[in-house]
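Each remark here refers to the structure printed beneath this line.
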Amino acid sequence: MNSSSFCSLPLIAITYSCLLYLVSARVGEFTPGRRLLDDAHHKPSINIEGYMSNYELENAIMAFGERCSNISRIYSIGRSVNGFPLWVIEISDNPGREEPEPAFKFIGNVHGDEPVGRELLIRLANWLCDNYLKDPLADMIIKNVHLHILPSMNPDGFALRKRGNAKNVDLNRDFPDQFFATNDLEDARQPETKAIMRWIRRIQFTASASLHGGALVANYPWDGTEDKKKEYYASPDDDAFRFLASVYSHSHYNMSKSKEFPEGITNGAAWYPIYGGMQDWNYIHAGCFELTLEISDCKWPNASELSTLWEYNRMSMLNLVATTVKTGVHGRVFSVDTRTPLPAIIDINGINKSVKAGRLFADYHRLLVPGVKYQVTASSPGYKSKSTTIFLVEEATTADFILEPETNNAGKIVGSGCDCSGNYKNRLEMVDILAHPQMEISMVIIVALAFLLLLYRRKLCLSFPKHRQALGSKRPTVV
Ligand SMILES: *[C@@H]1O[C@H](CO)[C@@H](O)[C@H](O)[C@H]1NC(C)=O
Ligand SMILES: *[C@@H]1O[C@H](CO)[C@@H](O)[C@H](O)[C@H]1NC(C)=O
Ligand SMILES: [Zn+2]
């Protein structure tokens, strides 16, 4: 591991404190609002033929949050047309705290009359909680991923037993479209759609999947074509998408054995083109690799089949989430002079799609097909881009980048003259404290810390971090 040091810690600490203060403030906006029951005009409905009613689903989410509070956080991303909160379960060993880890989201019940997903997602959450510290895959996911689960995006449609929301709008046609100006009016969009869009802008998801019913296939972008023809329309990441979809179909009980869809996967436009879909928007605007999963031939099967459907999909769901850690190239991007994380983008030679590094830690998680050589480039405004070539084996690869400022006449680099080494852990711990949303007094602490560190400035210089130690089998490169 390439190791060097820096000395401008107090400055960094203050910068961090401002950043983190903003981050905690943002997290605060997610805090749960009133529950449905608190609204007098809503009456709890009884369960529908063995499926949880919206009221029961809400109770199941709250019960999960209480039972598994050590690994979860419950929050709402908004409300449906009829005022039902759109509850999300976040599962992680550090829920609600930003970490240099991929985030994954599952969205169920996009279409009101496709309720299998919402039931399976509650089972998924409970399975992870029950198997934490027992099952290696549950452990791996909880420790290395922030998994966000929205069991129902369309509770109103569910209550009405129909596809669209309460305003009869198909939510999977309500997103802005890349080819047609269908949903360009922000205000005309449904509250459920707006909630998802806000969510995606706040949390940087590496990948995601929405759950549907009516077929058995893993569908990947593009969903729409430029000329409205029904034909295979490949996105820049077609290979990675086919790989992800295959992870799902081949981990499934029998999805990959489909006669209609080879390998149990399909390009959306090749099946039937749609416009204003959620998956294309995710990939285009957030670099989030989203699949649309059709998980049962029957949209509303008998509730007695739910346990079987859960068993058929369990490994698929787990393996899909795990893929965001187990494959691809991951790392962080730092500035050579201050060792601070940089607002960077990552490009892969030959793939016309950039992926952004995280805002706080400058961590990136770039999904790629294994068994191929890639040239990875990190760029940040005001810095010289750097590239490295990796051969991606089955396992994920780590490549951290240390970028140098673009040279100018002034040319003096702060802190570059220092030559000492120490322990990066100190800094990480400090960041951890600050990242905690409940630390309202972080500003005060940080000013005090900065002052103390200023006093020890000559002794306290920190070495470059060793990233992603938890997954020790990988050989990291620093570029
Ligand atoms: C998968 O199994 C289910 C249940 O046995 C069956 O109804 C369905 O037709 C099968 N699908 C495929 C593609 O084999
Ligand atoms: C890359 O993608 C952008 C849209 O994201 C497009 O405008 C551009 O023409 C593409 N470049 C190439 C070389 O295909
Ligand atoms: Zn659907």
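For the numbers below, each heavy atom of this structure counts, side chains included, while hydrogens, waters and symmetry mates do not. The chain is numbered in sequence order, starting from 1. Order of listing sets the numbers, starting from 1, for every ligand and every atom in it. Note that this is a predicted model, so its numbers are computed, not measured.
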Is a salt bridge present between [X] and [Y], judged by a nitrogen-to-oxygen distance below 4.0 Å?
X    : Y    : value
E394 : K326 : no
R67  : D130 : yes
D237 : R366 : yes
E406 : K384 : no

Considering all protein heavy atoms, does one lie under 4.0 Å from [atom]?
atom                    : answer
atom 9 (O) of ligand 2  : no
atom 14 (O) of ligand 2 : yes
atom 3 (C) of ligand 2  : yes

Apply salt bridge (charged side-chain N to carboxylate O under 4.0 Å, His left out) to the pair D156 and R79, showing each step before the final yes or no. CA-CA 10 Å; D156 298 348; R79 279 171 180 259; over 6 Å; no

For [X], the ligand 1 atoms whose distance to one of its heavy atoms is below 4.0 Å:
X    : answer
S258 : 13 (C)
Y253 : 2 (O)
Y312 : 4 (C), 5 (O)

Identity and separation of the nearest protein heavy atom to atom 12 (C) of ligand 2: N352 ND2, 3.3 Å

Heavy atom of the protein closest to atom 11 (N) of ligand 1 (residue, atom name, distance): N254 ND2, 3.1 Å

Measuring from the Zn ion (ligand 3), name the closest N, O or S atom belonging to [X].
X    : value
H212 : ND1
H111 : ND1
E114 : OE1

Less than 6.0 angstrom separating the ring centers of H148 and F205, yes or no? yes

N/O/S atom of E294 inside 2.8 Å of the Zn ion (ligand 3), strictly under: no

Can you confirm if the NZ or CZ of K228 lies within 45° of the ring axis of Y275 and under 6.0 Å from the centre of its six-membered ring? yes

Are W300 and Y51 close enough, and set up right, to give a ring pair (Phe, Tyr, Trp, His ring centres under 6.0 Å), and what steps lead you there? CA-CA 10 Å; W300 201 307; Y51 282 80; 5.5 Å; yes

